[in-house]
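Input: a single structure, listed below in structure tokens.
Every chain is numbered from 1, with letters handed out A, B, ... down the list of sequences.
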Amino acid sequence: MAMMDRVVVFFDLETTGLDTSRCEILQLAAISDDRRFNVFISPCRDIDEGASRVNGFTTHGHGSDPRSLQLHGQPVDAVPPMRALADFIDFLSSFQAPLLLAAHNARAFDVVVLTRNLQRCSLMPRFLEVSGGWFLDTLQLSRELWSLKSHKLKDLVSHFLNMPFNAHDAQEDVRVLQELYMKWKPNQAVVQSCTFSPAGR
DNA sequence: TGCCAGGCCCTCTTTAGGGCCTT
């Protein structure tokens with residue numbers, strides 16, 4: 001599987017918390033070159049206090065009804081998970097090329113949450129058909145490439161890039177992740193070693 | 001009721017524990 005021939009799509013999730021077996025997606029952003037995707041999602045559960053603190057999302061509503069979503073106190077246009085994930089799949093299908101989906105800590109967090117939420121919406125088959133289901137973990141990649149004390153996205157940005165950065169805004173996170181990748185110029189072997197497929201799980 | 005993550009990596013390791021990283 002030649003990963004270097006693939007179009008790399010960087011993506012990031014903001015969620016209701018860190019528990020990958022329960023959390024819901026609040027924001028899904030992606031970027032590949034100049035092509036961008038972003039969507040906000042109405043969750044059906046409360047946002048953990050710690051998550052609200054770092055990502056700025058709050059909800060209004062209760063019970064099992066979808067909540068209205070606010071970002072830093074301002075209402076955002078949020079859609080149901082099914083609609084958001086279907087739109088993401090449409091975005092991916094527009095590339096009409098083999099893809100490699102990259103995220104920071106993808107293996108332990110983003111891919112686990114994304115695939116669980118896709119499965120819940122019965123969208124996993126279509127997602128795999130469109131995306132190919134290959135993922136790159138940029139946290140693992142950073143650890144393979146560089147000997148650094150911290151491989152947090154925020155610290156990588158301040159170490160490698162001289163650009164302003166709003167951590168925990170998914171659109172900002174994917175933008176800097178792409179910038180880091182372009183700066184690093186990783187070779188095929190190391191990219192391959194940090195690539196995985198959760199299909200069949 | 002009360003609880004509340006978990007995969008990966010490192011090492012004072014493998015009969016384990018702790019820190020990193022994601023929200």
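Both A:N105 and A:Q140 lie close to DNA chain B; mapped to their nearest nucleotides by heavy-atom distance, the more 5′-ward contact belongs to A:Q140. Between A:E144 and A:G50, it is A:E144 whose nearest contact on DNA chain B lies nearer the 5' terminus.
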Test side-chain contact (heavy atoms from CB on, under 4.5 Å) on A:I25 and A:V113; report intermediate values, then the result.
CA-CA 8 Å; A:I25 303 170; A:V113 175; 3.8 Å; yes
Please test A:L69 against A:L26 for side-chain contact (heavy atoms from CB on, under 4.5 Å), starting from the C-alpha separation and ending with a verdict.
CA-CA 8 Å; A:L69 189 64; A:L26 299 172; 3.9 Å; yes
How far apart are the C-alpha atoms of A:E24 and A:I41, what are their side-chain angles, what is the distance that settles it, and do they pass the side-chain contact (heavy atoms from CB on, under 4.5 Å) test?
CA-CA 9 Å; A:E24 294 186 21; A:I41 302 173; over 6 Å; no
Assess the residue pair A:L71 and A:Q74 against the criterion (side-chain contact (heavy atoms from CB on, under 4.5 Å)); give the C-alpha distance rounded to whole Å, side-chain angles, the decisive distance to 0.1 Å, and a yes or no.
CA-CA 5 Å; A:L71 177 56; A:Q74 300 298 314; 5.7 Å; no
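Counting 5' to 3', DNA chain B first comes under 4.0 angstrom of a heavy atom of chain A and last does so at the ends given by B:dA5 to B:dT23.
Among residues two or more places apart in sequence or in another chain, the ring-ring contact (aromatic ring centres under 6.0 Å, His included) test is passed with A:F88 by A:F37. The ring-ring contact (aromatic ring centres under 6.0 Å, His included) check on A:F11 picks up nothing, with sequence neighbours excluded. In terms of the ring-ring contact (aromatic ring centres under 6.0 Å, His included) criterion, residue partners of A:F160 (sequence neighbours excluded) are, by chain and number, A:W146, A:W184.
Cation-pi geometry between A:R107 and A:F135 is not satisfied (NZ or CZ under 6.0 Å from the ring centre, within 45° of the ring normal).
Using a 4.0 Å heavy-atom distance criterion, A:D137 is classed as making no nucleic acid contact.
Within the model, atoms CD of A:Q178 and CD1 of A:I31 stand 4.5 Å from one another, a figure rounded to the nearest 0.5 Å. For the atom pair CG of A:L136 and OG1 of A:T195, the computed distance is 5.0 Å after rounding to the nearest 0.5 Å.
Here the separation of B:dT13 from B:dG19, taken at their P atoms, is 16 Å to the nearest Å. B:dG18 sits 16 Å from B:dT14 when the C1' atoms are compared, rounded to a whole Å. For B:dC8 and B:dC12, the P atoms lie 22 Å apart once the distance is rounded to whole Å. For the C1' atom pair drawn from B:dT23 and B:dA5, the interatomic distance equals 11 Å after rounding to whole Å.
The minimum heavy-atom distance between A:L156 and A:H104, with the atom names listed, is CD1-CE1, 3.5 Å.
DNA chain B is contacted by A:D12, A:L13, A:E14, A:T15, A:G17 of residues 10-17 of chain A, taking any non-hydrogen atom closer than 4.0 Å. Contacts with DNA chain B (heavy atom under 4.0 Å) in residues 147-157 of chain A: A:S150, A:H151, A:K152, A:L153, listed by number.
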